[in-house]
Amino acid sequence: MKLAGKVALITGASRGIGKAIAKEFAQNGATIVISGTNKTKLDETAKELGAFAILADMRREAEVQNLINKTVEKFGKLDILVNNAGIFPKIKLLHEISSSEWRDVLDVNLTGPFYATKYSIPHLQINGGAIINIASSAGLKAYENFNADAYSASKAALVLLTKCWALEYAKNKIRVNCICPGVVETDMTSEFLSSPAMRDMMNYAYPIGRFGTVNDVAKAALYFASDEDSPWVTGAVLPLDGGESIK
Ligand SMILES: NC(=O)c1ccc[n+]([C@@H]2O[C@H](COP(=O)([O-])OP(=O)(O)OC[C@H]3O[C@@H](n4cnc5c(N)ncnc54)[C@H](OP(=O)(O)O)[C@@H]3O)[C@@H](O)[C@H]2O)c1
């Protein structure tokens, strides 16, 4: 029970990586708040995990502000924020991306974490806390034929903001860390893992011999969330990719 007594907010936790993090944190004693935009799916997941659900579109500042306010109104405090909600664009070369597609990805993946962090900081400053940013291996280097530039830009920015925020708020005992997963099987990646041949190829890309699972990410998030396990860790950027980034 590494998170007993803690209140944790995980954005975009109706499914995929966010849901696995919420489950792991709940199993470790935390009170969980989850957010998303699809009410049916969010309510279903909240019921399954015993979490509190709040609808909030990360692109809308007022909704994100309301998400943080409602969390604190309901549970009296906030200890852990996981900036997880994210979207992946249609694969296109840079010159084919429309400005609205570009903006949409940046709005969810980068401005969303900015809003959530901005409104969480005053609460996290009270007792100290932890922020965990879910970036991507695509935020660490360029990949041939990846062709998701808005996504790469949003994640690279989140990697650097992790370090900026870690320095800005270390004096308040707010630890800010970042996880950069390689390919993890979720709805986001289902089209790249839809045939046995594609799965074999993807497994082969990882030195450890397989692509990632949502539990791989949840375990890393628990480490960063736990004051017991990582009290001296802030500004860390963890490649979580079966060794792919060191090839
Ligand atoms: N899967 C991977 O291989 C991988 C690798 C590296 C990094 N990541 C990152 O990990 C995070 C989670 O990805 P995932 O694979 O778990 O994706 P996913 O299965 O597609 O889930 C995305 C989650 O984000 C929420 N979301 C999407 N747009 C939103 C918005 N505008 N406002 C609020 N919530 C929104 C979704 O809820 P609603 O549908 O209800 O809005 C859902 O709960 C993302 O930041 C992603 O970039 C994933």
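As the structure lists them, so they are numbered: ligands from 1, and atoms in each ligand from 1.
Protein heavy atom in closest approach to atom 45 (O) of ligand 1: Asn84 O, 2.7 Å. From the protein, the heavy atom lying nearest to atom 24 (O) of ligand 1 is Gly12 CA, 3.5 Å. What sits closest to atom 22 (C) of ligand 1 on the protein, heavy atoms only, is Gly86 O, 3.8 Å. Among all protein heavy atoms, the one lying closest to atom 43 (O) of ligand 1 is Ser14 OG, 2.8 Å. Closest to atom 10 (O) of ligand 1, if we only count protein heavy atoms, is Ile134 CG2, 3.4 Å. Protein heavy atom in closest approach to atom 34 (N) of ligand 1: Ala85 CB, 3.7 Å. With respect to atom 8 (N) of ligand 1, the closest heavy atom belonging to the protein is Tyr151 OH, 3.5 Å. Summary of contacts: the protein heavy atom closest to atom 6 (C) of ligand 1 is Pro181 O, 3.3 Å.
Looking at Val184 next to ligand 1, an N or O pair under 3.5 Å apart turns up. Inclusion of Ile17 in the set of residues having an N or O under 3.5 Å from an N or O of ligand 1 is warranted. Some N or O of Thr37 is nearer than 3.5 Å to an N or O of ligand 1, by distance alone. For a threshold of 3.5 Å applied to N or O pairs, the pair formed by Ser136 and ligand 1 contains no separation below that value. Between Gly36 and ligand 1, no pair of N/O atoms sits closer than 3.5 Å. When only interatomic distances are considered, the shortest N/O to N/O separation between Ser137 and ligand 1 does not fall below 3.5 Å. For Gly18, no nitrogen or oxygen atom sits less than 3.5 Å from a nitrogen or oxygen atom of ligand 1, counting backbone and side chain alike.
Heavy atoms of Gly182 come nearer than 4.0 angstrom to ligand 1 in at least one pair. In this structure, Lys41 falls outside the shell of residues with a heavy atom less than 4.0 angstrom from ligand 1. Under the 4.0 angstrom criterion for non-hydrogen atoms, Ala56 is in contact with ligand 1. Using a 4.0 Å heavy-atom cutoff, Ala135 is listed among the residues neighbouring ligand 1. Ile87 counts as a contact of ligand 1, since one of its heavy atoms falls under 4.0 Å from the ligand. Not a single heavy atom of Lys19 sits less than 4.0 Å from an atom of ligand 1.
For Asp43 and Lys39, the salt-bridge test passes: some basic side-chain N is under 4.0 Å from an acidic carboxylate O. In this structure, Lys41 pairs ionically with Glu44, as a charged nitrogen and a carboxylate oxygen lie closer than 4.0 Å. A salt bridge is defined here as a Lys NZ or Arg NE, NH1 or NH2 lying under 4.0 Å from an Asp or Glu carboxylate O, and Lys219 with Glu24 meets this definition. Under 4.0 Å is where a charged nitrogen must lie from a carboxylate oxygen, and between Arg59 and Asp104 at least one such pair does. Look at Asp216 and Arg210 and you find a salt bridge, because one of the NZ, NE, NH1 or NH2 atoms lies within 4.0 Å of a carboxylate O, short of that distance.
Side-chain atoms of Asn133 and Thr162 form a donor-acceptor pair, as typed in the model, at a separation below 3.5 Å. Looking only at atom types and distance, the side chain of Tyr119 has a donor-acceptor partner in the side chain of Glu61 under 3.5 Å away. Between Arg15 and Thr45, the side chains place no donor N or O within less than 3.5 Å of an acceptor N or O (distance only, hydrogens not considered). Side chains of Glu228 and Tyr223: no donor on one and acceptor on the other come within 3.5 Å. For the residue pair Asn38 and Ser14, no side-chain donor N or O sits within less than 3.5 Å of a side-chain acceptor on the partner. A donor-acceptor contact closer than 3.5 angstrom links the side chains of Glu101 and Ser98.
When non-hydrogen atoms are compared, ligand 1 lies under 4.0 Å from the backbone of Asn38 as well as from its side chain. Within the 4.0 Å heavy-atom criterion, the part of Ala13 lying near ligand 1 is the backbone and not the side chain.
Centroid-to-centroid, the aromatic rings of Tyr151 and Phe88 come within less than 6.0 Å. A distance of 6.0 Å or more separates the ring centres of Phe192 and Phe146.
Lys19 and Leu49 get closest at one heavy-atom pair: O-CD1, 3.9 Å.
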